[in-house]
Amino acid sequence: MNPGLELMPFQKEGAKLLAQSRRAMLVWDPGVGKTPTSVRACLLASAARILVFCPPIGTAVWRVHFETWSDIRDIRVMNSFSALKPYGFAAGGGVRIIPYSRARPNVGVINATLEEDWDVVIIDEAHYLKNSSAQRTKAIYGPKIDLKGSPLENAKHIWCLTGTPLLNHPAEFWTHLHALAPDMIILPQFGVMTESVFTDRFCVTQATPYGVRICGGRNTHELSERIKPFVDRKRLKDVILDMPELRIVDHPLPADTPISPALRAELAQAMEAMGIEDTDQIDDDALLGAVQAGGVAFSTVRRLIGRAKIEGVSELVADELDDAEDDKIIVFAHHREVIDGLTTRLKRFSPLVIHGGTPMWARDIAIDWFQNDERRRLIILAIEAAGEVITLHASHNVIVAEPSPVPAKNHQAIARAHRKGQRHPVLARFVLLPGTLDARLMAIVARKTRDIAQVVDGTPSKEEEKTEYVFPNTE
């Protein structure tokens, strides 16, 4: 442990809160310091056996933080070698770090964690467990989402960490509450709410030809009040008073952005296959309904739009790197072929690249080089693989080439730069292709943030309590 390190006052309070809580969730904005706070909380709780679940890209972050903020030296990360000997990996005292990609029911690594009880289990980026039917959720929370038969069953402390607990709608909170705080979702006439009862109470649903769709939230004031004993909320602007400004803007590409006639024809054909030939002649709800019904066609349209933006995004990035020789730029994309296309066109800047197929050791090196080597000025990231956990405040210029239709994922990605330690105002630009589905979708999904803020950030007005907010669901 580095003796010169000191938590900020609110982080000390957070560490004390966790150490005194059997079950708790820190809903702290990215960059507020959930990781060091949790490490110090382990020390306050005198934890000897600590289990951490996190996204794959976060394993190195957790290892470094335990090395930096604690005296624990037996810190093991689940890798290919430890997967061969899972019981040895989990045995003894110390810290065991398991990426979500290794969390599956009834496999070696999960079975190994059942052998001995844990003093502390940390669930980082807890929104990864929002889906009750997902394999990783069942592996961590148990087959019935009640901790029975899971690594958490006899843990003394269980702490969830996330900056974005709800990616789409209030029903995503059910897994955490049912597993960790069932007493908070009891109805006198019913008992602990099942997922369907919880959804009916706190969500607006709509019957469609494709089944019941969650299209909004209601009774959000009640849900916010219920979860208060379980959730500790910290916003970046409230605890880091000198945080630089964050500006999030749309950046439409020029109308003459080079797009090959063949690609234009392919995109028009894909839009027609979705039943959408003119996005300006259809309202938001109808558009989202068509997108959801599109299935493969929708995925094809997103991929083609990404390809169509490669040339324009490359020109934007190259011009700015040429004009400002000391600036660094972060670019987020979604599709591998878009990442590869950008990498090829910008190869003269020796871009660092992280996508789903990048080995963990290579990800760690890329992040270190971007943060510490002034010659490495461009990093291109897959928004799903590198949009969380890591710190990239060496740059204050974020370009989102392919936005996620989930607002919280975009916010998480931007927060790689806008976090504690950033010294400059951060500019985040969503690159949009005018006249396409891309531009319309981003305007629609922005409306989803209303319900999320209602649940997480506090009490609405009396008028808001009576309102049912409805938003389209893009999943």
Side-chain angles (χ1 to χ4, degrees), residues 23 35 38-39 42 47-67 70 72-162 175-176 178-180 354-364 384-386 388-390:
R23 311 286 186 261
T35 309
S38 304
V39 173
C42 290
R49 280 177 51 79
I50 302 162
L51 179 63
V52 178
F53 290 102
C54 66
I57 200 166
T59 55
V61 174
W62 277 99
R63 185 190 67 239
V64 169
H65 274 77
F66 269 103
E67 290 172 348
S70 80
I72 301 172
R73 286 297 167 260
D74 187 359
I75 305 169
R76 306 180 196 175
V77 175
M78 192 75 188
N79 53 30
S80 299
F81 176 77
S82 52
L84 300 175
K85 300 179 180 179
Y87 290 89
F89 165 81
V95 181
R96 305 294 180 264
I97 303 170
I98 300 178
Y100 286 126
S101 56
R102 300 280 187 180
R104 295 289 184 275
N106 300 318
V107 296
V109 62
I110 292 298
N111 289 340
T113 61
L114 299 174
E115 291 295 293
E116 299 180 56
D117 296 339
W118 298 94
D119 294 321
V120 170
V121 177
I122 297 172
I123 303 172
D124 189 24
E125 304 297 350
H127 52 272
Y128 272 62
L129 306 186
K130 65 185 175 67
N131 186 344
S132 63
S133 61
Q135 291 296 298
R136 64 177 167 231
T137 305
K138 292 180 178 180
I140 295 171
Y141 280 159
K144 296 183 179 180
I145 319 298
D146 59 2
L147 303 189
K148 291 186 172 122
S150 81
L152 286 62
E153 184 170 4
N154 298 311
K156 294 178 183 176
H157 302 273
I158 303 172
W159 305 328
C160 294
L161 316 178
T162 179
T175 55
H176 308 299
H178 191 265
L180 304 178
I354 298 177
H355 50 66
T358 307
M360 291 309 306
W361 62 266
R363 300 183 190 199
D364 296 344
E384 295 289 343
E388 298 172 322
V389 183
I390 61 176

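Judged by distance alone, the side chain of Asp119 and the main-chain N or O of Arg49 form a donor-acceptor pair under 3.5 Å. In terms of modelled atom types and a separation under 3.5 Å, the side chain of Trp118 and the main chain of Thr113 share a donor-acceptor contact. Counting only distance, with no hydrogens or angles, the side chain of Arg104 and the backbone of Gln135 share no donor-acceptor pair below 3.5 Å.
Ala385 and His355 make their closest contact through CB-C, 3.8 Å (heavy atoms, listed as atom of the first residue, atom of the second, distance). Between Ala386 and Ile354, the closest heavy-atom pair is CB-CG2, 4.1 Å. Heavy-atom minimum distance, Glu67 versus Arg73: O-NH2, 3.3 Å. Shortest non-hydrogen contact noted between Gly356 and Arg363 is O-NH2, 3.1 Å. The two residues Ile110 and Pro151 make their nearest non-hydrogen contact at CG2-CG, 4.2 Å. Nearest heavy-atom pair across Ile123 and Ile140 is CD1-CG2, 4.2 Å.
Just one residue in the list Val77, Asn79, Thr59 forms a side chain to side chain contact (heavy atoms under 4.5 Å, CB included) with Met360, and that residue is Thr59. Just one of Tyr141, Phe53, Tyr100 meets the ring-ring contact (aromatic ring centres under 6.0 Å, His included) condition when paired with Tyr128; it is Tyr100.
With rounding to the nearest 0.5 angstrom, the CD1 atom of Ile158 is 5.5 Å from the CG atom of Leu180. Remark: His127 NE2 to Thr162 OG1 distance equals 4.5 Å, nearest 0.5 Å. A distance of 4.5 Å separates OG1 in Thr137 from CG in Leu129, rounded to the nearest 0.5 Å. Between the NE2 atom of His176 and the NZ atom of Lys130 there is a distance of 9.5 Å, given to the nearest 0.5 Å. Rounding to the nearest 0.5 Å gives a distance of 3.5 Å between CZ of Arg96 and CZ of Arg76. Atom-to-atom distance recorded for Ser101:OG and Arg136:CZ is 9.0 Å, nearest 0.5 angstrom.
In this view, Ser132 and Ile145, Trp174, Thr175, Glu195 satisfy the side chain to side chain contact (heavy atoms under 4.5 Å, CB included) rule, not counting sequence neighbours.
In this structure the side chain of Ile97 reaches within 4.5 angstrom of the side chain of Cys54, judged on heavy atoms. Here the side chains of Ile122 and Cys42 are in contact, with some heavy-atom distance below 4.5 Å.
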Requested in this report: Quick one: do Ile50 and Phe66 satisfy side-chain contact (heavy atoms from CB on, under 4.5 Å)? Show the steps, please.
Outcome: CA-CA 11 Å; Ile50 302 162; Phe66 269 103; 4.0 Å; yes
Requested in this report: Determine, stepwise, if the pair Ile98 / Phe89 fulfils side-chain contact (heavy atoms from CB on, under 4.5 Å).
Outcome: CA-CA 10 Å; Ile98 300 178; Phe89 165 81; 3.8 Å; yes
